2 protein chains.
Amino acid sequence: MARYEHIAGELRDAIVRGDYQIGAQLPTEAELASRFNAARGTVRQAVAVLVSEGLVGTRQGARRIVLGSERSQSFAELHSFAQWARSVGHRAGGLVLDSRRRPSTSSEAVRLAITPGEEVLAVLRLRRLDGEPVLVERTVYASWIAPAVEKLDPACESVTQELYETVGLVFAYGEHLIDAVAAGAEDARLLGVRRGSPLLRQRRTTTSQEGRPVECSDDRYRAGSVTFSIRNSTTANSLVRRAGD
Amino acid sequence: MARYEHIAGELRDAIVRGDYQIGAQLPTEAELASRFNAARGTVRQAVAVLVSEGLVGTRQGARRIVLGSERSQSFAELHSFAQWARSVGHRAGGLVLDSRRRPSTSSEAVRLAITPGEEVLAVLRLRRLDGEPVLVERTVYASWIAPAVEKLDPACESVTQELYETVGLVFAYGEHLIDAVAAGAEDARLLGVRRGSPLLRQRRTTTSQEGRPVECSDDRYRAGSVTFSIRNSTTANSLVRRAGD
DNA sequence: TAGAGCAACTTGTACAAACAAGCGAGACCT
DNA sequence: AGGTCTCGCTTGTTTGTACAAGTTGCTCTA
């Protein structure tokens with residue numbers, strides 16, 4: 001583990017533990033440098049991690065302040081429903097309800113960077129949190145990964161982890177579009193809600209380390225079951241608002 | 001403007017312009033350094049900006065690749081409905097429907113870091129995009145900023161900009177919780193949708209440069225009018241998923 | 001007493017150098 | 001032909017230095 005990662009971890013722990021209250025000032029770079037016996041540049045790198053996580057605010061000339069105290073999730077925890085559930089102390093379940101190959105639509109082709117009509121694997125999964133159905137996942141996999149997906153256990157808990165262990169595939173980058181939609185007939189039946197009731201929709205595209213698109217998915221959460229959280233600032237911004245359609 | 005910001009801008013422009021296609025490789029650090037006549041560290045800082053924006057993917061040993069080509073928004077554009085609307089080529093409207101002082105609830109007190117019961121200013125605004133009502137904003141302001149807010153024109157387009165010009169207040173940090181809810185009676189009436197229809201809810205808290213909470217708000221978008229977008233990766237993560245309630 | 005201005009402190013930017021670590025392609029071997 | 005190995009390339013980490021720029025509190029003055 002890199003030096004700056006270690007320092008960032010120590011500081012993050014201290015903040016989460018409450019050693020530094022929200023609104024409190026962090027020690028100066030010079031003090032942190034001497035405390036951890038590192039160069040100032042290394043300390044800056046460590047603090048930059050916390051700033052990008054939204055835990056710490058910084059502006060030139062003034063001491064850094066603590067903005068939040070919640071541990072942020074790793075990419076894996078965010079991407080994998082099962083890993084996320086485990087990390088927040090819940091039990092995830094899952095079941096494949098349908099899995100079939102078909103030609104890709106034009107919008108899928110764009111998102112997966114393939115030619116329209118090229119074969120893809122469409123999978124419908126129902127996900128449970130502590131037994132309760134909370135999420136309908138409609139995922140489309142590029143054809144080159146389809147065979148590995150088809151070999152998975154239909155009740156497989158973590159697809160991400162399984163794909164890593166069987167074929168060494170790691171998901172590295174993701175794009176997420178978040179909006180609200182009304183439950184369709186199938187959504188309503190699977191989630192046990194009325195048709196037209198609100199669902200939180202997350203459309204995502206995931207790519208491998210090399211930047212090759214692996215899957216795109218339309219995930220619909222039952223209202224109240226899940227919330228997305230983002231911290232941003234003038235110096236670190238990742239949330240973007242877009243007009244519909 | 002800093003050297004690294006200039007380099008980041010040049011590279012971003014080149015990507016947005018299409019000089020580097022999605023999936024293509026970026027020049028090496030050494031080449032960029034010589035091209036811009038800068039030290040390698042400066043180039044790294046520039047590229048780090050693009051990585052944090054999700055435009056570029058990077059991993060040790062391999063050349064960097066282009067992941068996306070969309071311009072990301074500034075914090076101001078994200079925070080201010082009016083500035084965002086302008087930047088994406090739409091016209092924003094707004095009207096204050098109600099504005100009154102009242103004691104804060106306990107949850108508001110936590111979010112604004114004040115003592116429960118301390119007076120706050122609650123404002124109800126309806127926002128339009130190109131004439132269409134798309135957003136109901138229920139904002140609570142801390143008492144120290146309330147006088148300035150009360151002096152604003154009820155039809156004021158950009159509250160953010162007005163507060164900056166009148167009292168020099170700048171919003172610097174924000175936390176956002178995003179989920180889906182059913183429209184209540186008031187929401188439905190104002191937005192012109194049926195009761196119970198899906199709305200995208202964004203609860204946000206904004207703080208000043210010094211980390212002092214200024215306002216917290218419950219914003220509800222008509223379904224289909226707005227989408228939030230985030231890019232993340234194993235190395236840059238800001239989106240967090242949370243269990244409901 | 002209120003405001004201007006200074007001085008110490010703190011973070012931001014830039015450069016240079018050296019080594020570590022991962023990737024990829026071509027050479028080599030079986 | 002197919003797999004392995006090595007070597008050069010590229011990005012990642014760390015240290016050190018110097019100066020720029022913004023903040024904050026104190027002092028001095030009107």
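In what follows, chains carry the letters A, B, and so on, assigned in the order in which the sequence lines appear, proteins first and then strands, with residues in each chain numbered from 1. This one's a predicted model, so the numbers in the text were calculated from it and none came from an experiment.
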Between atom CD1 of A:Ile7 and atom CE of A:Met1, what is the distance when rounded to the nearest 0.5 Å?
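The CE atom of A:Met1 is 11.5 Å from CD1 of A:Ile7, to the nearest 0.5 Å.
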Euclidean distance, B:Leu112 CG relative to B:Trp144 CH2, rounded to 0.5 Å
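One finds 10.0 Å between CH2 of B:Trp144 and CG of B:Leu112.
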Per-nucleotide protein contact along nucleotides 4-15 of chain C, 5' to 3', at a 4.0 Å heavy-atom cut-off (B base, S sugar-phosphate only, - neither), is ------BBBBSS
List the steps and the verdict of salt bridge (Lys or Arg N to Asp or Glu O under 4.0 Å) for A:Glu29 and A:Arg64.
CA-CA 9 Å; A:Glu29 289 179 356; A:Arg64 279 181 257 257; 2.4 Å; yes
Near DNA chain D, counting only heavy atoms under 4.0 Å, which residues of residues 165-175 of chain B show up?
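When residues 165-175 of chain B is checked for heavy atoms under 4.0 Å from DNA chain D, there are no hits whatsoever.
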With distance as the sole criterion, is a donor-acceptor pair present between the side chains of B:Thr227 and A:Arg242 under 3.5 Å?
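On atom types as modelled, these side chains do not qualify, holding no pair under 3.5 Å.
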Pair A:Thr206-A:Glu215, side-chain donor/acceptor within less than 3.5 Å:
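Per modelled atom types, A:Thr206 and A:Glu215 side chains form a pair under 3.5 Å.
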Among A:Arg101, A:Arg102, A:Arg100, salt bridge (Lys or Arg N to Asp or Glu O under 4.0 Å) partner for A:Glu119
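Between A:Glu119 and the candidates, salt bridge (Lys or Arg N to Asp or Glu O under 4.0 Å) is satisfied uniquely by A:Arg101.
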So, the side chain of A:Asn237 versus the backbone of B:Gln73: is there a donor-acceptor pair under 3.5 Å, distance only?
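Yes: the side chain of A:Asn237 pairs with the backbone of B:Gln73.
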Indicate yes or no for a side-chain donor-acceptor contact from B:Arg44 to the backbone of B:Ala39 under 3.5 Å, with no hydrogens or angles considered.
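Side chain of B:Arg44 to backbone of B:Ala39, a donor-acceptor pair under 3.5 Å: no, none is there.
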Closest contact, heavy atoms only, A:Thr205 versus A:Cys216:
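Where A:Thr205 meets A:Cys216 most closely, the heavy atoms are OG1-CB, 3.8 Å.
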Of all the heavy-atom pairs spanning A:Gln209 and B:Arg59, show the shortest one and how long it is.
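Closest pair (atom of A:Gln209, atom of B:Arg59, distance): O-NE, 3.4 Å.
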Measure the distance from NE2 on A:His6 to C1' on D:dT14 and round it to the nearest whole Å.
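Atom NE2 in A:His6 sits about 16 Å away from atom C1' in D:dT14.
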How many Å lie between CD on A:Gln25 and C1' on D:dT24, as a whole number?
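For the pair A:Gln25 CD and D:dT24 C1', the rounded distance is 10 Å.
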Secondary structure of DNA chain C per the Watson-Crick/G-U criterion (both distances under 3.5 Å; [ ] crossing, | other strand, . unpaired) is ||||||||||||||||||||||||||||||
